[in-house]
2 protein chains.
Amino acid sequence: MRTHQVVSAWLEQELAAGRLHIGSRLPGERTMAERLGISRASVREGTRVLEALGVVRAGVGSGPQAGTVITGNPSLALDSALRLHVASAHLRVKDIVETRLLLETWAAAHASPGSPSLERAARLLDEMDRCDDGPAGFLQRDALFHVALAEAAGNVLVGAMMGSLRGSIEDYTQRLTARLPEWGATSQRLRREHRAILDAVLEGRGEHAAELVQDHIEGFYRESGIHSEG
Amino acid sequence: MRTHQVVSAWLEQELAAGRLHIGSRLPGERTMAERLGISRASVREGTRVLEALGVVRAGVGSGPQAGTVITGNPSLALDSALRLHVASAHLRVKDIVETRLLLETWAAAHASPGSPSLERAARLLDEMDRCDDGPAGFLQRDALFHVALAEAAGNVLVGAMMGSLRGSIEDYTQRLTARLPEWGATSQRLRREHRAILDAVLEGRGEHAAELVQDHIEGFYRESGIHSEG
DNA sequence: TACGGGCTGTGGTCAGACCACACAAGCTAT
DNA sequence: ATAGCTTGTGTGGTCTGACCACAGCCCGTA
């Protein structure tokens with residue numbers, strides 16, 4: 001086992017044993033190095049990995065917010081991994097869009113009508129009705145709306161994946177939007193569809209909501225000129 | 001931006017510009033440090049992150065296999081991230097099983113009958129008929145069969161996720177198997193179901209294959225005593 | 001009481017050293 | 001001439017020890 005991996009191995013043990021949990025502070029790097037019998041450089045490499053995986057957050061200074069703290073942020077790992085793998089052309093945008101569609105229809109079908117995420121989703125829709133800062137602001141709230149919807153299904157993993165997928169294709173979406181002939185008409189349609197989706201979920205008609213989501217997403221891509229970029 | 005991040009930023013640029021691609025060798029750490037104007041320690045931290053994300057593989061020595069090489073292995077990031085987030089109780093096994101079911105039924109419905117992955121899947125089924133090394137060997141091939149099936153859908157992302165999800169719940173599955181009253185009867189049923197799934201896919205009856213997959217997975221968990229552990 | 005500055009511990013970064021490894025080239029003994 | 005060993009070279013892996021910036025805490029002072 002490589003030296004820096006003793007850090008994640010140790011952390012996994014501590015978590016499993018219940019001695020550490022989300023919110024706990026890790027010992028200082030120097031302490032940890034001595035305790036694990038490795039150098040501080042190796043501790044740091046291990047910590048960087050944990051940070052990249054969204055398991056930990058490092059902060060300088062002193063006080064309660066400082067030091068290395070255990071977080072639970074799986075989307076961080078997905079975010080950067082997706083970015084780089086898309087850049088290396090190992091992942092195609094088509095796959096990501098496809099996966100997003102898959103996750104999102106499932107989430108719509110399984111969303112719990114009573115989830116507080118739905119209230120956040122509703123507020124986002126209100127903001128989108130009022131907002132006049134152009135497509136950029138609209139799309140940002142649009143993305144958050146879809147993520148909120150995914151979280152309403154109560155599956156942390158699906159929620160995290162959705163968030164990262166949205167992020168990784170955000171540039172792509174922005175470019176697609178630029179091709180739209182009439183933003184005004186499109187945004188009005190999108191808002192109408194959002195309301196319909198949210199209503200279906202709130203009424204517990206999951207399957208119907210899933211169909212609406214599918215039409216909503218596919219319609220957007222169709223209107224803006226289909227996956228012509230790899 | 002933190003110093004070690006200049007490495008991933010640089011790599012992303014190089015990839016986007018087409019100057020590097022999967023299979024390329026990165027410059028040596030010392031060279032990179034000088035070229036990027038940072039210390040070797042920082043280069044190493046950056047490389048560790050890339051390695052953890054499955055973008056890169058580091059190997060000592062000299063020759064074609066040595067040095068830091070760009071790979072495309074998104075599942076590596078998911079693997080470790082899932083392990084740790086499950087350990088931190090931020091992800092529940094229930095969510096993972098649920099997500100696996102979701103991805104797998106989709107893959108079965110979208111698998112291309114002509115995919116070479118299916119030939120691998122068929123070979124695995126033959127091995128499972130012959131193998132007599134108990135549940136462990138069987139389950140391992142079982143897992144590979146399901147991953148092969150997922151890959152047949154031609155979506156790299158879904159394939160990678162499936163692989164990682166299987167891995168992260170492998171321990172769990174092993175424990176469930178131990179509870180089964182009669183392994184012989186169960187394995188026979190599982191093999192029969194696998195054949196039926198593969199046949200359905202090969203015949204292009206995707207929707208039917210998806211139903212079979214769903215019954216197959218849910219049946220297994222039901223028989224072995226349902227998600228009683230968080 | 002209010003304020004200001006130093007103290008302390010945190011992560012962030014760096015430089016330089018040595019090690020194990022694996023291949024390649026060259027040397028040596030057959 | 002060839003088989004086998006030796007040495008050279010470049011790679012990542014690890015360690016040490018140093019210095020920096022930062023943020024909160026504590027104590028002395030006005």
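Both backbone and side-chain heavy atoms feed into the values below; hydrogens, waters and symmetry mates do not. Each chain gets a letter, A, B and so on, in the order the sequences are listed, and its residues count up from 1.
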Heavy-atom neighbours of A:E127 CD exceed 12 at 6.0 Å: yes
Residue A:E29, side-chain atoms from C-beta onward, closest of D:dG12, D:dT14, C:dG12: C:dG12
B:E34 CD to C:dG16 P, straight-line distance once rounded to whole Å: 12 Å
Ionic contact status for B:E45 with A:R44, cut-off 4.0 Å: yes
Aromatic plane relationship, B:H90 with B:H85 - under 30° parallel, 30 to 60° tilted, over 60° perpendicular: tilted
Donor-acceptor pair (no angle test) under 3.5 Å: B:R2 side chain, C:dG11 base: no
Residue-phosphate contact under 4.0 Å: B:S42 side-chain N/O, C:dC14 OP1/OP2: yes
Any donor-acceptor N/O pair under 3.5 Å between C:dG12 base and A:R48 side chain: no
A:R40 CZ to C:dG12 C1', straight-line distance once rounded to whole Å: 7 Å
Position toward the 5' end of DNA chain D (nearest nucleotide), A:I38 or A:P64: A:I38
Contact nearer the 5' end of DNA chain D, comparing A:G63 with B:P27: B:P27
Separation of atom CD in A:Q65 from atom C1' in C:dT10, rounded to whole Å: 13 Å
Interatomic distance, A:L36 CG vs D:dC15 P [rounded to whole Å]: 11 Å
B:R44 side-chain N/O to D:dG13 phosphate OP1/OP2 under 4.0 Å: yes
Contact under 4.0 Å: B:T47 side-chain N or O vs D:dG12 OP1/OP2: no
B:V60 side-chain proximity, nearest of C:dG11, D:dG12, D:dC15: D:dG12
Closest nucleotide among D:dG24, C:dG12, C:dC23 to the B:S62 side chain: C:dC23
Whether A:S115 side chain and A:S112 backbone form a donor-acceptor pair below 3.5 Å: no
Nucleotide D:dG12, atom C1' - distance to CZ of B:R25 in whole Å: 12 Å
Donor-acceptor pair under 3.5 Å, B:R30 side chain vs C:dG16 base: no
Over 12 non-hydrogen atoms of neighbours within 6.0 angstrom of CD in B:Q174: yes
